[in-house]
Structure formats: C-alpha cells, structure tokens
Amino acid sequence: MRKEGEAAILKTFESSAQVQDISFDYTGQYLAFVGKGGVEIKAYRKKEKVWVDGLQVAVPGEGLAWGPEAGKVVTVNEAGVVSVLAGSA
C-alpha cells in the first residue's frame with residue numbers, strides 16, 4: 001500500500017463492542033469480526049460497490065476463522081468454548 005494516514009482508509013465499520021478478531025473469507029467478499037458483543041459479517045456487493053450488513057449473532061468470542069468455502073464461521077470464546085455458525089441455505 002502506498003497511501004498513508006487518512007488516505008489509506010478505504011472503509012470504517014462501526015461495531016457495538018470492542019473487536020477481538022477480524023477475517024476476510026477466501027474470496028474477499030465477506031468480512032467477519034468478533035468481540036464481546038458477538039459476531040458480525042459484512043458482505044461486499046461488487047455491482048453497487050457497497051458493504052452491507054449480513055449475519056449478526058450474539059455469540060461473544062475472542063477469535064474466529066472461516067470454514068470450507070466460507071460456508072461456516074467458527075468462533076472461540078475466552079473460556080475455550082467453540083461455536084460453529086452457518087448461514088441458511
């Protein structure tokens with residue numbers, strides 16, 4: 001990246017709680033973040049060039065990872081409890 005400071009910021013997302021972990025899916029179209037407030041997933045609509053709200057689940061966590069082909073999101077909380085979240089088919 002060649003831009004620095006304010007010029008390097010492409011998009012800012014607001015979250016209801018402090019974010020502990022963040023991850024793009026393998027396509028770069030979905031962005032998931034997790035914290036004490038739960039999991040939020042944003043989706044990028046290429047045609048409109050906008051980010052839209054996707055899944056929001058009140059499952060707090062410290063870390064997350066995408067499952068195969070971005071079909072699931074796996075979270076772990078501070079007690080070590082693992083949760084597997086999947087969207088509807």
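By convention here, the first residue in the shown sequence is residue 1.
In the hydrophobic cluster analysis, where Ile, Leu, Val, Met, Phe, Trp and Tyr join through side-chain heavy atoms closer than 4.5 angstrom, Phe24 is grouped together with Val19. Under the 4.5 Å side-chain contact rule for hydrophobic residues, Val73 and Val57 share a cluster. Residue Val59 is grouped with residue Val34 when hydrophobic side chains (ILVMFWY) are merged at heavy-atom distances under 4.5 angstrom, including chains of intermediate members.
Lys36 pairs by the salt bridge (Lys or Arg N to Asp or Glu O under 4.0 Å) definition with Glu62, Glu78, not counting sequence neighbours.
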Side-chain donor/acceptor pairs under 3.5 Å, residues 41-56, sequence neighbours excluded:
unit_1 : atom_1 : unit_2 : atom_2 : d
Lys42  : NZ     : Asp53  : OD1    : 2.3
Gln56  : NE2    : Glu40  : OE1    : 3.2

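Inter-residue side-chain proximity for Asn77 and Pro60 is flagged as unmet; no heavy-atom pair is nearer than 4.5 Å. By the 4.5 Å heavy-atom criterion applied to side chains, Val39 and Phe33 are not counted as neighbours.
In terms of modelled atom types and a separation under 3.5 Å, the side chain of Trp66 and the main chain of Ser23 share a donor-acceptor contact.
Tyr30 OH: 12 or fewer foreign heavy atoms inside a 6.0 Å radius.
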